[in-house]
Amino acid sequence: MADDGSEGATIEELLVESRVFPPSPAFRSDALVTDRSLYDQAAVDVNRFWEQQAHALDWFRPWDTTCAWEPPFARWFDGGTLNASWNCLDRHVAGGLGDRVAYYWEGESGETRTITYAQLLDEVQRFANVLKSLGVRRGDRVAMYMPMIPELPVAMLACARIGAPHIVVFGGFSSDALRSRIVDSGSRVVVTADGGWRRGAPVMLKQHVDAAIEGTDVEHAVVVRRLGDLAPGGAVAMSAGRDLWYHELMASAEAECPPEHMDAEDLLFLLHTSGTTARPKGIMHTTGGYLTQAAFTHRYVFDLHPERDVYWCTADIGWVTGHSYIVYGPLANAATSVMYEGTPDFPDKDRWWDIVERYKVTILYTAPTAIRTFMKWGTSYLSRHDLTSLRLLGSVGEPINPEAWVWYWKEVGGGTCPVVDTWWQTETGAILISPLPGVTDCKPGSATFPLPGIGAEVVDDHGNPVEHGGGYLTLTQPWPAMLRGIYGDPERYHETYWSRFPGRYFAGDGAKIDEDGYLWLLGRVDDVMNISGHRVSTTEVESALVDHPSVAESAVVGATDATTGQAIVAFVTLRSGESAGDNLGTRLRQHVADKIGPIARPKSIVFTDDLPKTRSGKIMRRLLRDVAEGRALGDTTTLADASVVDEIRRRSQAAPAED
Ligand code: WTA
C-alpha cells in the first residue's frame, strides 16, 4: 500500500454526486410504504419477514421450514406446495378479477390484443393440456424460442401449471445458442413461432429452430402462426409429425387442466446466462421462494396499485427481467401490463411515447441503454406526446449515469416521478438493491440501499467489509429468489459464485459506499482499469463524460501504456445536433479531469455513432479493449450489431492519442 493510502485501494472512489431527490409529498401521500417499517421488521427477524411475504401467495399446503441454509445451497419454504400459474391466474379470477386486463399487447406493425385474466387462464389451461398430449410430464423441460407475443407467457404459465420447467431462449440468439440450451436442459419439446417482427422486417425463428434441433432429442416443435403468409417465400416449412401448429392443437384442447401441487423447491425454470466463450450456465430457479420475492419486489419497488396502474416493462421476456417483471411478478400481483413486440424506433423514434400516451402507462421500467439512446435522439420525440400519466420510473441492467438518471427524471418523468435504480441479476431472481419510492431519498446514479431482507456488503480484496469507499459487492445471507445452482453442475456453482470470498455470494460487480451509506454500482470488476496503480472503475469515468452536455453515451477501457501501465481510451457518442469539432475531444478530457481528477483523464477519445452492445443492451467493453489494443476481435456472436465494431475500429485508427 502506498503512503498516500489511496494507491492500491480495491477500487478508487472518484465521482461525488451531491444531488438528492426525496419522494415528493404528492407521491408519498398515496404510496404503499412511507416509513421504515418493512426494514425494521426484516432487521428483527428476517425469516419471519419472508414468511409474511410468502403469505401473500396461495399455498396448497403450508411449509414446514422457512429457510434451510447449508452454504451455498438454500431451500426456502420446504414442505410447502403451491402452483405458480394458480397464483398468477386462478386465484385472481376466483376473486372476481377475471375481467381485469392482464396484458395490453401491441405488435410492432400496430395490431393490438387485450387479454384479461380470465382469457389468459383459459388459454393457459388449454395449452397445458396440449403439452400433456405431447407427452410432457411433471419435471420434463420445455424450451421456448419466441417473439414478444402473448403466447410466450401462455406457454410459460402452462409449463408452470403442469410442473414442467421452462427454458426461454431469447429470440435474437443464434441457432447454435438455442441448440446448446436445448441440449443442456434435455428439452424434448420446443415452443416457437414461424417468426416475429423487428424493425419492420420478419425474424425467421422457425428456420433457426430447424437447424438447432437436428440431431437432438427434440420430438416436437409447436409453432405459433405469427407471420403466416407474410413469411418470406410463403408459409414456413413444417416437418410432418414433428412440427405442429399451435392454433390447430389449441382448437381441440380440453378447457380444464387442474394445477399440479408443486413443492416449493421444485424447479420453475432454467434461464441460461450467456457466457461469452464458456458453456452457458443454466441458472436454476425454484417455485416458492422465487414467486414470493418476485411478487414482493414488484409490488413494493414499483409501488404497485394493481387496480389502477398500467405497468410497462420494456425488457424482452427472454431475459430475467422479463421473467420476473413481465410475467411472474406482475401476474402474481394481478397487475395490468403493456407488452410490446418491437423496437423503439419503428415506425419512428417516438414509438414508446406513443404507447405510453395511448395506454396511459403509469409505471415504466427500462434500461440505461434505452435512456441514453433517447438522450442521443433528443427531446423532440418526447414532446410529441402526453406523458403525464407516468408516476414512477425504473431502471435496470447497467449502472445508470447520474446525468442519464436526471434526464430520465426530468424529460420522461416531467420532474414528478421517483426513479428507482434496481440492481439485481439473473442469478438473484429478483431486485435486491433499490430505493423504496415512498421512503428513500434518491441520489442519481445510486441504487441506494439493500431492500428489506437483503444483506449486502462491499468488501476489499481480502474480503473485509468496507465502511466507505470502493470494493466488491457481496451478499451475506440467502434470499428466497436466489439461484439454487447451475443445472447439472454444482461444482461450477460453488466455484463461480462462492469461492472468491468464502461464505459470501459474489458475482462480479464492483461497488462503493459513500459517506451516507449509499451503494453505487461501479460495473463489472473485470472491466476495472489500472492507471499508475490506481484502480479506476469504468462507470465513474463514463458518468463524468455523460455529465458533459454534448455527450449521450460513452464506454471506457484501459489499453496498455508504457508509462502508466494502462491508459484510458474513451469511446463517445454525442447527443443529436452536437459535433466533434472545436477541440471537443480535448475539452472532454479536461471535463473528466475537472470532474473526478487528473488520474482519470482519458488518453484518447474516439467519437462513434454507436457502441457495441449485447442484445440485452449491455456495453461489451471486452471488444473495445481489443480495438484499443489493436488486437484481433474476440467472440462477437453476442453482439446486437456486429458492424458497429468495424466502424469503431476505423475511427479509432484515425484518432491518434492526445498527450
Ligand atoms: C448489471 C439483469 C448497475 C450488473 C437484471 C449485474 C446493474 C448484471 C444494475 C446482471 C443496476 C443490473 N446498476 N448494474 N441497477 N442492474 N446490473 O443477469 O453488472 O442480465 O451483475 O440481470 O447487470 O445482468 P443480468
Side-chain angles (χ1 to χ4, degrees), residues 11 15 168 170 172-173 270-276 280-283 285 290 293-294 297-298 301 313-326 328-329 365-372 393-402 404-405 408 419-435 440 442-451 454 456 458 472-475 481-483 486 496-497 505-512 518-528 537-540 542-543 555 613-622 638 640:
I11 303 176
L15 189 74
V168 181
F170 172 58
F173 278 151
L270 298 178
L271 184 59
H272 290 81
T273 57
S274 38
T276 41
K281 303 187 283 279
I283 302 301
H285 283 292
Y290 171 81
Q293 201 172 347
T297 50
H298 180 256
V301 170
C313 168
T314 66
D316 191 286
I317 293 176
W319 311 118
V320 74
T321 306
H323 281 62
S324 300
Y325 298 108
I326 297 178
Y328 288 108
Y365 190 32
T366 190
T369 180
I371 297 164
R372 293 184 306 243
L393 303 173
S395 169
V396 61
E398 282 186 300
I400 179 165
N401 318 103
W405 192 104
Y408 192 29
V419 176
V420 289
D421 174 13
T422 64
W423 178 86
W424 59 297
Q425 306 176 304
T426 304
E427 292 86 343
T428 70
I431 299 168
L432 299 194
I433 302 177
S434 164
T440 314
C442 291
K443 297 190 187 185
S446 166
T448 72
F449 305 102
L451 287 174
I454 301 304
V458 177
Y472 307 93
L473 179 65
T474 64
L475 302 169
M482 70 189 276
L483 76 166
I486 296 174
T496 309
Y497 304 107
Y505 170 91
F506 171 61
D509 282 343
K512 70 177 184 188
Y518 283 67
L519 285 165
W520 300 75
L521 276 301
L522 296 180
R524 308 292 295 170
V525 294
D526 300 344
D527 292 332
V528 166
S537 95
T538 50
T539 303
E540 296 207 318
E542 288 163 5
S543 290
K613 290 180 186 168
T614 65
R615 286 293 293 267
S616 67
K618 295 190 206 300
I619 295 171
M620 287 182 75
R621 292 179 190 75
R622 179 173 58 76
T638 51

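Position 1 is the first residue of the sequence; numbering continues from there. We count ligands from 1, going down the list as the structure has it; atoms in each ligand are counted the same way.
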Value for OG (Ser324) from OH (Tyr290), rounded to nearest 0.5 Å, stands at 2.5 Å

Please report the interatomic distance CG(Asp509) to OG1(Thr474), rounded to the nearest 0.5 Å. 11.5 Å

Tyr365-Thr422 side chain donor-acceptor pair, cut-off 3.5 Å: yes

Could you check whether Tyr497 and Phe506 have their ring centres less than 6.0 Å apart? no

For residues Ile619 and Glu398, determine if any side-chain heavy atom of one lies less than 4.5 Å from a side-chain heavy atom of the other. yes

Name the residues in contact with ligand 1, where contact means a heavy atom under 4.0 Å away: which are they? Val320, Thr321, Val396, Gly397, Glu398, Pro399, Asp421, Thr422, Trp423, Trp424, Gln425, Thr426, Asp509, Leu521, Arg524, Lys618

Contact summary for Val396 and Thr321, nearest pair of heavy atoms: CG1-CG2, 4.1 Å

